[in-house]
Protein chains: 2
Amino acid sequence: MKQGADLQSLMGYQIQRANLRMDADARAALADYDLSPAKMTALILIRDNPGCDQTALGRALSINRSSAMKLVNILVDKGLIERRPGRDLRTNALALLPHGESQLKAMLKAVGRSDARMTAGLSADELKTLKDLLERVGAADEETGD
Amino acid sequence: MKQGADLQSLMGYQIQRANLRMDADARAALADYDLSPAKMTALILIRDNPGCDQTALGRALSINRSSAMKLVNILVDKGLIERRPGRDLRTNALALLPHGESQLKAMLKAVGRSDARMTAGLSADELKTLKDLLERVGAADEETGD
DNA sequence: TATTGTTATACTCTATAACTATA
DNA sequence: TATAGTTATAGAGTATAACAATA
């Protein structure tokens with residue numbers, strides 16, 4: 001299939017294709033853990049922000065309260081995290097459980113290997129440049145509706 | 001929300017975040033046309049590969065025959081494309097209709113504006129570099145893979 | 001036998017709207 | 001009034017499994 005000038009010239013398309021390749025490989029790397037890359041990201045955020053509430057987690061993942069609820073339910077059901085009493089009676093404080101911590105360590109190893117393999121064709125300088133440029137793409141608004 | 005070293009170091013995460021921002025803006029730019037960026041991509045591919053069949057279209061979009069079927073149904077229902085007799089009696093030849101062509105032109109304008117706005121912070125050289133680096137992400141895997 | 005289109009079904013992810021209990 | 005969590009429901013988007021027609 002030919003991909004004409006229109007697709008080639010859209011940066012959004014280039015990013016989307018690269019994302020598809022990276023996500024597919026990361027997903028395969030996590031197959032043994034029955035978690036998607038996005039759910040692993042949630043575990044990392046909870047570990048690095050202990051006591052955060054569901055709404056804040058959702059905001060960081062660009063999903064709304066309701067979607068965050070479902071995500072948290074899954075992680076709780078798997079015994080990876082726990083809901084604890086939060087800063088007031090409306091809020092809960094999310095916490096990574098020991099089982100979640102050990103699982104996350106293994107997942108990070110697997111995804112790290114995937115990430116390294118997928119970017120093996122780029123030098124350290126190029127990786128730094130790529131990360132910098134990506135951060136500057138769409139640096140404007142970010143929001144999650146409700 | 002703090003994003004620790006683990007997320008910062010994963011290129012897959014950086015790409016995914018940039019993709020989310022770009023996709024959201026492109027989606028908003030296409031709101032008037034009631035089509036997602038992915039469906040616009042399908043229209044471009046059909047325009048640039050007239051007579052292609054559904055399976056080939058699906059392959060180009062990384063979706064399977066059944067999903068391609070649903071996608072084509074939607075584009076047909078909207079009067080944008082048409083199924084014509086293909087190279088044998090099993091196959092359809094997909095063709096962009098005049099209405100699809102004019103719609104696509106307008107959509108490309110809108111998405112082009114979105115893309116330009118989102119990448120306005122990057123110089124022409126930087127855009128070229130970014131595209132080059134993105135194309136090489138996951139390329140090593142494809143070369144050595146089976 | 002293999003391939004293309006097709007249909008039925010199901011799963012993932014996300015969203016909206018409404019309700020509750022707090023604040 | 002506003003916010004956090006919750007629940008029910010719905011809509012994309014994709015996948016698998018089967019089948020018919022054709023190659």
Side-chain angles (χ1 to χ4, degrees), chain A residues 1 16 19-20 23-24 26-28 30-31 33-42 46 49 51-78 81-95 142-146, chain B residues 1 16-17 19-21 23-24 26-28 30-31 33-43 46 49 51-78 81-95:
Chain A
M1 282 285 261
Q16 199 249 349
N19 183 54
L20 217 91
D23 186 76
R27 198 169 294 272
L30 289 177
Y33 304 93
D34 197 33
L35 283 184
S36 64
K39 294 204 186 73
M40 188 195 74
T41 300
I46 293 168
N49 299 274
C52 71
D53 64 40
Q54 297 179 183
T55 301
L57 177 66
R59 220 178 305 123
L61 293 168
S62 299
I63 60 178
N64 70 11
R65 272 184 307 158
S66 173
S67 301
M69 175 77 197
K70 267 181 115 169
L71 169 59
V72 166
N73 281 342
I74 290 170
L75 298 179
V76 168
D77 289 348
K78 285 182 180 293
I81 66 170
E82 190 177 58
R83 287 183 172 99
R84 295 183 184 158
R87 63 182 181 279
D88 63 43
L89 287 175
R90 294 176 299 180
T91 316
N92 33 33
L94 302 177
E142 217 173 315
E143 199 173 328
T144 303
D146 198 29
Chain B
M1 282 284 263
Q16 199 250 349
R17 297 304 294 180
N19 183 56
L20 219 95
R21 296 195 296 271
D23 186 75
R27 197 169 294 271
L30 290 177
Y33 304 93
D34 197 32
L35 284 185
S36 62
K39 294 205 186 70
M40 188 195 72
T41 300
L43 286 183
I46 292 167
N49 300 273
C52 70
D53 65 39
Q54 298 179 183
T55 301
L57 177 65
R59 221 177 304 124
L61 294 168
S62 300
I63 60 178
N64 70 11
R65 271 183 307 157
S66 174
S67 301
M69 175 79 197
K70 266 179 113 171
L71 169 59
V72 167
N73 281 343
I74 291 169
L75 299 179
V76 167
D77 288 349
K78 287 181 179 294
I81 66 169
E82 188 177 58
R83 287 182 173 102
R84 294 181 185 159
R87 61 183 183 281
D88 62 44
L89 288 174
R90 293 176 301 182
T91 317
N92 316 322
L94 301 178

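Both backbone and side-chain heavy atoms feed into the values below; hydrogens, waters and symmetry mates do not. Here is the naming used below: chain letters follow the sequence lines, and residue numbers restart at 1 for every chain.
In this view, A/Ala26 and A/Pro37, A/Ser114 satisfy the side-chain contact (heavy atoms from CB on, under 4.5 Å) rule, not counting sequence neighbours. For A/Lys39, there are no side-chain hydrogen bond (donor to acceptor under 3.5 Å, both in side chains) partners, not counting sequence neighbours. Remark: B/Asn19 pairs with no residue by the side-chain hydrogen bond (donor to acceptor under 3.5 Å, both in side chains) rule, at least two apart or across chains. Not counting sequence neighbours, A/Arg83 has no partner by the salt bridge (charged side-chain N to carboxylate O under 4.0 Å, His left out) test.
Considering only side-chain N and O atoms, A/Asn92 lies under 4.0 angstrom from the phosphate OP1 or OP2 of D/dG5. Considering only side-chain N and O atoms, B/Thr91 lies nowhere under 4.0 angstrom from the phosphate OP1 or OP2 of C/dT3.
Atom pair A/Met69:CE and C/dC13:C1' shows a separation of 16 Å (rounding to whole Å applied). Straight-line distance from the CG atom of B/Leu94 to the C1' atom of C/dT4: 12 Å, rounded to whole Å. In this structure, the CG atom of A/Asp53 is 14 Å from the C1' atom of C/dT22, given to the nearest Å.
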Can you build the contact string for nucleotides 13-23 of chain D? Use B for base contact, S for sugar-phosphate-only contact, and - for no protein heavy atom under 4.0 Å. SBBB----BBS
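For A/Gln16 and B/Asp23, the side-chain atoms include no donor-acceptor pair closer than 3.5 Å.
Under the salt bridge (Lys or Arg N to Asp or Glu O under 4.0 Å) criterion, the residue pairs touching residues 69-78 of chain B are B/Asp34-B/Lys78, with sequence neighbours excluded.
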